[in-house]
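This structure is a prediction, so every number in the text was calculated from the model and none was measured.
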Amino acid sequence: MQTQAAHTAHPNIGARLSIMMFLEFFVWGAWYVTIGNYMDANKMGDSIALAYSMAPIAAIISPFFLGMVADRFFATERILGVLEILGGAALLAAPFVGSNADFLVAIVLVHSLCFMPTLGLTNTLAFHNMTDREKQFPLIRVFGTIGWIVANIVVSVVLKADTGVAQFYVAGGAAVLLGLYSFSLPHTPPPSAGQKASARDILGVDALSMMKERSFAVFIISSFLICIPLAAYYAYAPVFVKAMGSAAPAGQMSFGQMSEVFFMLVMPLFFARLGVKYMLLAGMLAWVVRYGLFAAAASTGAFWMVLGGIILHGMCYDFFFVTGQIYVDGKAPNAIRAQAQGFLVFVTQGIGMLIGAQVAGKLAKLYATSGPKGQQDWHMTWLIPCIAAAVIMVVFWALFREDTRNNGMAKA
């Protein structure tokens with residue numbers, strides 16, 4: 001009844017929420033893809049992995065912030081507005097630190113601590129103001145992917161700012177704009193107002209108990225392990241694309257988000273035929289093939305292999321991460337679904353990506369001068385995560401034995 005009332009009072013809610021999602025991911029896409037090239041061009045290349053560790057750290061912290069504060073004491077649209085403005089202000093300060101890597105990393109941390117909670121807040125606000133989540137949310141959420149694509153094109157193709165400070169002005173300005181816009185969105189009370197915040201709920205103890213089941217434990221451990229080699233893509237793929245001769249790395253990286261839209265649309269068809277196990281395996285295989293293409297491209301100079309690896313992003317992300325979310329939703333009891341999803345994000349986007357960013361940084365340093373003409377040996381830089389992802393994929397295939405052909409679809 002509450003959702004219906006909200007929808008009736010705001011007949012344009014679909015368009016308004018779509019604008020919110022567009023701006024949310026525009027902010028993220030405007031700097032996240034290009035900051036590696038910016039740091040490399042400004043003699044801060046050794047700190048790229050550290051900068052890409054800040055978002056995982058924020059992803060680890062944000063569930064506790066949402067559980068203890070945002071979900072209980074503040075209207076969603078208001079805290080969203082405040083966090084976006086603060087995060088935008090941090091990005092707007094980035095151009096003034098020059099080539100000081102420590103200050104830039106600190107700014108990225110401040111922005112990430114403000115931004116990562118907004119990923120959950122935008123979803124909460126959208127779900128609260130919908131009448132049919134299954135039908136409405138995908139149509140609204142896809143505008144987030146479009147926002148990321150547009151941000152890449154604006155920064156890389158229009159402004160040619162892959163290595164310039166304009167990316168921070170674009171991202172910071174968009175964040176402030178979204179913050180101001182958020183205050184115009186429908187009033188959305190905190191979803192857990194009046195409820196006591198127990199340590200058990202915030203720490204997700206009940207979700208941890210699901211690890212007693214073998215297949216779920218294999219899934220979680222495999223997801224954690226494979227996120228370690230996966231982190232290399234987010235930190236170094238844009239740098240690699242530029243090194244391969246691209247004049248607009250972020251613009252070409254946006255092909256990955258374009259493919260994400262396609263694979264999201266066809267995913268239900270594959271899911272019905274393959275089930276969870278083979279959907280996850282297909283996603284893992286896509287990462288192996290992507291890194292194999294990158295390694296081969298580094299040796300042969302074939303840029304079509306680079307583009308092929310980028311276009312695989314839709315399959316890599318949707319078949320692995322989205323399928324994992326569906327699996328967890330199907331396995332978790334109703335009372336702890338939110339906990340279980342938070343636990344999955346904590347393990348993968350948090351701990352896994354954090355460790356992965358550090359490993360990727362050490363790997364990049366190890367092969368920094370062993371390539372042709374004393375340059376980065378990109379072949380080995382990509383071959384090692386390719387092999388690691390392949391080993392984890394095989395272990396998952398051997399140990400995950402659960403029959404999950406339609407698991408989660410009916411409940412979701």
Minimal non-hydrogen separation, I140 against G14, with atom names = CG1-O, 4.1 Å
Interatomic distance, M20 atom CE to F25 atom CZ [nearest 0.5 angstrom] = 9.5 Å
N/O donor-acceptor pair under 3.5 Å between Y278 side chain and R273 backbone = no
In chain order, what residues pass the side-chain hydrogen bond (donor to acceptor under 3.5 Å, both in side chains) check against S53, with sequence neighbours excluded?
-> Q358
Please round to the nearest 0.5 Å and tell me the distance separating atom CZ of F26 and atom CD1 of I19.
-> 14.0 Å
With a 4.5 Å limit on heavy-atom distance, are the side chains of Y236 and L363 in contact?
-> no
Would you say K277's side chain and W397's backbone share a donor-acceptor pair under 3.5 angstrom?
-> yes
Check: Y291 side chain, G309 main-chain N or O, donor-acceptor pair, under 3.5 Å | no
Side chain Y52, main chain Y32, donor-acceptor under 3.5 Å = yes
With a 3.5 Å cut-off and sequence neighbours excluded, list the donor-acceptor pairs that the side chains of residues 377-386 form with protein atoms.
from: D377; atom 1: OD1; to: H379; atom 2: N; distance (Å): 3.3
from: D377; atom 1: OD1; to: M380; atom 2: N; distance (Å): 3.4
from: H379; atom 1: ND1; to: A295; atom 2: O; distance (Å): 2.9
from: H379; atom 1: ND1; to: S299; atom 2: OG; distance (Å): 2.9
from: T381; atom 1: OG1; to: Q376; atom 2: NE2; distance (Å): 3.0
from: T381; atom 1: OG1; to: D377; atom 2: O; distance (Å): 2.7

Would you please indicate if the ring centroids of F22 and Y181 are separated by under 6.0 Å?
-> no
Nearest-0.5 Å distance, OG of residue S182 to CG of residue L177 | 9.0 Å
Separation of L91 CG from H111 NE2 (nearest 0.5 Å) = 4.5 Å
Minimum-distance pair of heavy atoms, taken over all atoms of G361 and A49 | CA-CB, 3.4 Å
Enumerate, atom names and distances included, each donor-acceptor pair closer than 3.5 Å involving a side-chain atom of residues 93-106, sequence neighbours excluded.
from: S99; atom 1: OG; to: N42; atom 2: O; distance (Å): 3.4
from: N100; atom 1: OD1; to: D102; atom 2: N; distance (Å): 3.2
from: N100; atom 1: OD1; to: F103; atom 2: N; distance (Å): 3.1

With S222, which residues qualify under side-chain hydrogen bond (donor to acceptor under 3.5 Å, both in side chains), at least two apart?
-> none
Going through the distances and angles, do L281 and M393 end up as a side chain to side chain contact (heavy atoms under 4.5 Å, CB included)?
-> CA-CA 7 Å; L281 281 171; M393 178 187 70; 3.7 Å; yes
F321 vs C227, side chain to side chain contact (heavy atoms under 4.5 Å, CB included): CA-CA, chis, key distance, verdict = CA-CA 10 Å; F321 286 106; C227 277; 4.0 Å; yes
Given F240, which of Y234, F294, Y367, F303 fulfils the ring-ring contact (aromatic ring centres under 6.0 Å, His included) condition?
-> F294
So do F224 and I355 actually touch side chain to side chain, heavy atoms under 4.5 Å?
-> yes
Does any non-hydrogen side-chain atom of E24 lie less than 4.5 Å from one of F115?
-> yes
Under 4.5 Å between any side-chain heavy atoms of M305 and T300, yes or no?
-> yes
Look up atom CG in L80 and atom CG in L121, then write down how far apart they are to the nearest 0.5 Å.
-> 6.0 Å
Looking at residues at least two apart in the chain, or sitting in another chain, which of them share a side-chain hydrogen bond (donor to acceptor under 3.5 Å, both in side chains) with T145?
-> R141
For R290 and I310, work out which heavy atoms get closest and say how close.
-> NH2-O, 3.5 Å
For G350 and I60, work out which heavy atoms get closest and say how close.
-> CA-CG1, 3.6 Å
Any sub-3.5 Å donor-acceptor pair from R16's side-chain atoms to S184's backbone N or O?
-> yes
Checking N37 side chain against P238 main chain: does a donor-acceptor pair fall under 3.5 Å?
-> yes
Is the number of heavy atoms from other residues, nucleotides or ligands under 6.0 Å of F270 CZ greater than 12?
-> no
Using atom types as modelled and distance alone, determine if a side-chain donor or acceptor of T323 lies under 3.5 Å from a backbone N or O of F320.
-> no
Smallest separation among heavy atoms of G29 and A151, with atom names | C-CB, 3.8 Å
Heavy-atom closest contact (M279 atom, M267 atom, distance) = CE-CG, 3.6 Å
Hey, could you give me the CD1/SG distance between I79 and C114, rounded to the nearest 0.5 Å?
-> 10.0 Å
Please set out all donor-acceptor pairs under 3.5 angstrom arising from side-chain atoms of residues 154-170, sequence neighbours excluded.
from: S156; atom 1: OG; to: D162; atom 2: OD1; distance (Å): 2.7
from: S156; atom 1: OG; to: D162; atom 2: OD2; distance (Å): 3.4
from: S156; atom 1: OG; to: A248; atom 2: O; distance (Å): 3.4
from: S156; atom 1: OG; to: A250; atom 2: N; distance (Å): 3.3
from: S156; atom 1: OG; to: G251; atom 2: N; distance (Å): 3.1
from: D162; atom 1: OD2; to: A250; atom 2: N; distance (Å): 3.1
from: Q167; atom 1: OE1; to: T34; atom 2: OG1; distance (Å): 2.6
from: Q167; atom 1: OE1; to: I35; atom 2: N; distance (Å): 3.4
from: Q167; atom 1: NE2; to: A161; atom 2: O; distance (Å): 3.2
from: Q167; atom 1: NE2; to: D162; atom 2: O; distance (Å): 3.3
from: Q167; atom 1: NE2; to: G164; atom 2: O; distance (Å): 3.1

Go through H313 and M258 one step at a time and tell me if the side chain to side chain contact (heavy atoms under 4.5 Å, CB included) criterion holds.
-> CA-CA 9 Å; H313 179 75; M258 296 177 192; over 6 Å; no
Polar side-chain atom of S215 near backbone of E213 as donor-acceptor pair, under 3.5 Å | no
